[in-house]
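Here is the structure we will look at.
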Number of protein chains: 2
Amino acid sequence: MSIEKIREKILEEGGRWTSARQAILTVFFSDRKPLSPAEVRKRLAKGTADLASVYRTIRLFVEKGVLVPMVQTTEGQCYELSDDYREHHHHLLCGKCGQIQDYEDCQAGDVEKLIFKRMGFRVTRHDFQFYGLCADCL
Amino acid sequence: MSIEKIREKILEEGGRWTSARQAILTVFFSDRKPLSPAEVRKRLAKGTADLASVYRTIRLFVEKGVLVPMVQTTEGQCYELSDDYREHHHHLLCGKCGQIQDYEDCQAGDVEKLIFKRMGFRVTRHDFQFYGLCADCL
DNA sequence: ATATTTGCAAATTATTTGCATAATT
DNA sequence: AATTATGCAAATAATTTGCAAATAT
């Protein structure tokens, strides 16, 4: 379980492992899709954490490389687990039903080599969104 | 000049071509990078358009397919011209200096075919971000 | 002349911050 | 016991809306 790894990392760096942090992280591990702070809050049992704490906790996890900001044109800034804590993947966003699926096959390696050769830009991470219509909506 | 095309489209659909719309669109055509509403406003001569009108105008252009929302983790929601009005491209975001470059070579076609074959998802548009270090910052 | 768009102010919504209290080490 | 994190309320920022006045057709 990599929640344990994250806990250790936080502790090593002088942070504390609180029930709020545990609960918020658990939301991201169970509901594996991009979530906004408000959505995270909604998924927590009432009284678990104030919205301000959700914001602070998300910021902490982003700084620690646990979460990454993600786009979702419909509802503000969302976050999800970084590649260090789940399989690398891309997003398929259906323009009709709004559903977001993950797609785990990635051929970006060659493109990244090409980018370095042509532009001198060293890619360390990428983030692909594919928009269209899902199987159900086609 | 495709500003002219856009003007005609707006007029045909019963909209009006105002100096604010012309000015805002011109900003996107001159400064070809993702811009937030506030940044667009800053680039307009004072008195050209109220910030509320910038928001309304951007929304209109997004509905008409002229602009597309773009991510930029640093400063809120940004927009730029859609592929219909400029060359298709991807973004290279330097994590050190913050600069955003365009990269115009795209091999996504094959990947999109694969996505359809495997997932039944029909991709109509994609949006790729590459994060890393630019040539100057390496 | 008519319908649409704008500015301005006010209303919402999203996000951040200060500080006393509570919880973790 | 010392330090860090939390809740709550208040501050700030971002975005939207109503409506009368202005502008485009």
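Heavy-atom basis, side chains included; hydrogens, waters and symmetry copies ignored. Order of the sequence lines sets the chain letters (A, B, ...), proteins ahead of strands, with each chain counted from 1.
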| Nearest-angstrom distance from the residue atom CD of Q77(A) to P of dA14(D) | 14 Å

| said: One thing to verify: whether E39(B) and K42(B) come together as a salt bridge, which I'm taking to mean a side-chain N less than 4.0 angstrom from a carboxylate O. | reply: no

| message | For D31(B), is there an ion pair with R43(B) - N to carboxylate O distance below 4.0 angstrom? | response | yes

| Nearest-nucleotide pick for P37(B), side chain only, options being dT15(D), dA24(D), dT16(C) | dT15(D)

| message | Whether the side chain of R21(A) and the base of dA5(D) hold a donor-acceptor pair under 3.5 Å is what I'd like checked. | response | no

| query | Whole Å only: how far is the NZ atom of K42(A) from the C1' atom of dT13(C)? | reply | 13 Å

| query | Is any side-chain N of the basic residue among E8(B) and K5(B) closer than 4.0 Å to the acidic one's carboxylate O? | reply | no

| request: Select base, sugar-phosphate, or nothing to describe what A20(B) touches, counting heavy atoms under 4.0 Å on all strands. | output: sugar-phosphate

| task | Hey, which sits more toward the 5' end of DNA chain C by its nearest nucleotide, L51(B) or G14(B)? | result | G14(B)

| task | By nearest nucleotide on DNA chain D, pick out whichever of R7(B) and R56(B) is the more 5' one. | result | R56(B)

| request: Can you tell me the distance, in whole Å, between the CG atom of L60(B) and the C1' atom of dT4(C)? | output: 11 Å

| message | Over all strands shown, is A49(A) touching base, sugar-phosphate only, or nothing at heavy-atom distances under 4.0 angstrom? | response | sugar-phosphate

| note | Quick note, R59(B) side chain, CB onward, closest among dT17(D), dA24(D), dC19(C) is dT17(D)

| remark: E12(A) CD to dT25(C) C1', in whole Å, measures 15 Å

| request: Just compare dT25(C), dA3(C), dG7(C) and give me whichever is closest to any side-chain atom of D50(B). | output: dG7(C)

| message | I'd like to know if R122(B) pairs up with E112(B) as an ion pair, taking the criterion as any Lys NZ or Arg NE/NH1/NH2 lying under 4.0 Å from an Asp or Glu carboxylate oxygen. | response | no

| message | What is the separation between atom CD on E13(A) and atom P on dT25(C), rounded to the nearest whole Å? | response | 15 Å

| Does a nitrogen or oxygen in the side chain of T57(B) sit under 4.0 Å from OP1 or OP2 of dT5(C)? | no

| note | Closest of dT15(C), dA9(C), dC19(C) to the A52(B) side chain is dA9(C)

| request: Could you please name the option among dC19(D), dT15(C), dT25(C) that lies closest to any side-chain atom of W17(A)? | output: dT25(C)

| request: Please determine, for the side chain of L11(A), which listed nucleotide (dT17(C), dG18(D), dT25(C)) has the closest atom? | output: dT25(C)

| query | Is the W17(A) ring parallel, tilted or perpendicular to the F61(A) ring (thresholds 30°, 60°)? | reply | tilted

| Within this structure, what is the CZ-to-P distance between R41(B) and dC8(C), rounded to whole angstrom? | 9 Å

| Pair R86(B) + E80(B): basic N to acidic O under 4.0 Å | yes

| Between dA5(D) (C1') and I24(A) (CD1): distance, integer Å | 11 Å

| So, is S53(B) near the phosphate of dG7(C), with a side-chain N or O under 4.0 Å from OP1 or OP2? | yes

| message | At less than 4.0 Å, is any side-chain N or O atom of T18(A) found next to OP1 or OP2 of dT24(C)? Yes or no. | response | no

| Presence of Y55(B) side-chain N/O under 4.0 Å of dT15(D) phosphate oxygens OP1/OP2 | yes

| message | Counting only side-chain heavy atoms from C-beta out, which of dT3(D), dC8(D), dT5(C) sits nearest to R16(B)? | response | dT5(C)

| query | Taking atom P of dA14(C) as reference, at what distance in whole Å does atom CD1 of I58(A) sit? | reply | 13 Å

